[in-house]
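Following: one structure in structure tokens, then a few remarks.
We name chains A, B, ... by the order of the sequence lines, and we start the count at 1 in each one.
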Amino acid sequence: MIWITELLILTILLICAVGAIHVKDLLSSAILLGAYSFLMCILWAEMGAVDVAFTEAAVGAGISTAFFIGAIYQTTRRTKD
Amino acid sequence: MIRLYDDLIIQTVCRIMIPFIQLFALYVITHGHYSPGGGFQGGCILGASFILMVIAYDIKWMKKRFSEYTNIFMIAFGVFIYAFVGLICIILGAEYLNYGILHKVLPADPVKVRALATLGIEISVGITVMAVMVSIFLNLATFGKHERGEV
């Protein structure tokens with residue numbers, strides 16, 4: 001049964017990754033990257049790499065989202081291209 | 001950039017949550033050699049608690065508790081502990097960061113000394129990572145004004 005869960009997480013991960021590239025709003029893009037990071041963390045933990053999952057949750061989903069939001073506040077929220 | 005939003009719900013929740021986040025970060029740092037986690041992850045969580053403080057309150061409010069001088073001092077202090085433990089191992093006649101040799105100066109057997117010195121390394125890495133994360137966020141969020149002393 002575990003492969004169904006894995007396939008579900010991978011599908012949502014792919015949607016998040018493609019959405020983060022294509023969305024016009026930069027704040028939504030940062031939040032989608034945070035969601036991508038968190039799903040990646042679940043995937044690492046499910047594969048047995050608990051230490052990597054911990055790092056991904058602390059750095060990817062926690063710190064880097066805060067850094068992205070701090071950087072977006074210095075620019076415009078909409079992308080030009 | 002970050003102004004003082006007087007949002008009661010966010011500020012109260014953050015005031016309750018921040019001590020528990022910091023306690024969990026200290027747990028992750030001190031149990032780094034038994035369980036998943038370690039200096040880097042614990043330092044990131046500890047830095048995230050200070051970043052949460054900046055987001056919920058104000059930079060000035062946070063600087064009263066964790067000043068810029070302390071921040072820069074902690075960046076250098078963690079690196080200093082790391083290099084100091086490594087250099088003591090060289091002076092005692094082993095390789096860099098070979099902690100087992102420290103049983104010559106500490107009153108314990110080599111296995112316990114190795115675990116203890118690993119804890120010291122984890123703590124130093126945690127201090128440096130925490131201070132660097134807070135420093136990066138402050139410089140990023142204030143558009144360089146923090147570096148020039150205008151905030």
Are there over 12 heavy-atom neighbours, none belonging to B/Ile10, within less than 6.0 Å of that residue's CD1?
no
When clusters are formed by joining ILVMFWY residues with side-chain heavy atoms under 4.5 Å apart, either directly or through shared neighbours, do B/Leu23 and B/Ile127 land in the same one?
no
Shared ILVMFWY cluster between A/Ile31 and A/Leu39, side chains joined below 4.5 angstrom?
no
So if you build clusters from Ile, Leu, Val, Met, Phe, Trp, Tyr with side-chain heavy-atom gaps below 4.5 Å, do A/Leu13 and A/Met47 land together?
yes
How about A/Phe67: does its CZ atom have over 12 heavy atoms from other parts shown lying under 6.0 Å from it?
yes
Looking at A/Asp51, A/Val59, A/Val52, which makes the most heavy-atom pairs under 4.5 Å with chain B?
A/Asp51
Distance check, rounded to the nearest 0.5 Å: B/Leu140 atom CG versus A/Phe68 atom CZ?
10.0 Å
Positions in residues 25-46 of chain B that reach chain A, provided some heavy atom is under 4.5 Å away
B/Val28, B/Pro36, B/Gly37, B/Phe40, B/Gln41, B/Cys44, B/Ile45
Should the heavy atoms of other residues, nucleotides or ligands under 6.0 Å from OH of B/Tyr99 be counted, would the total exceed 12?
yes
Do B/Phe84 and B/Leu102 land in one hydrophobic cluster if side-chain heavy atoms of ILVMFWY residues count as linked below 4.5 Å?
yes
Neighbour count >12 (heavy atoms, 6.0 Å) for atom OH, A/Tyr36
no
For the student: nearest non-hydrogen atoms of B/Ile51 and A/Ala66, plus distance:
CG2-CB, 3.9 Å
Measuring from B/Ile136:CD1 to A/Ile63:CD1, what's the distance to the nearest 0.5 Å?
9.0 Å
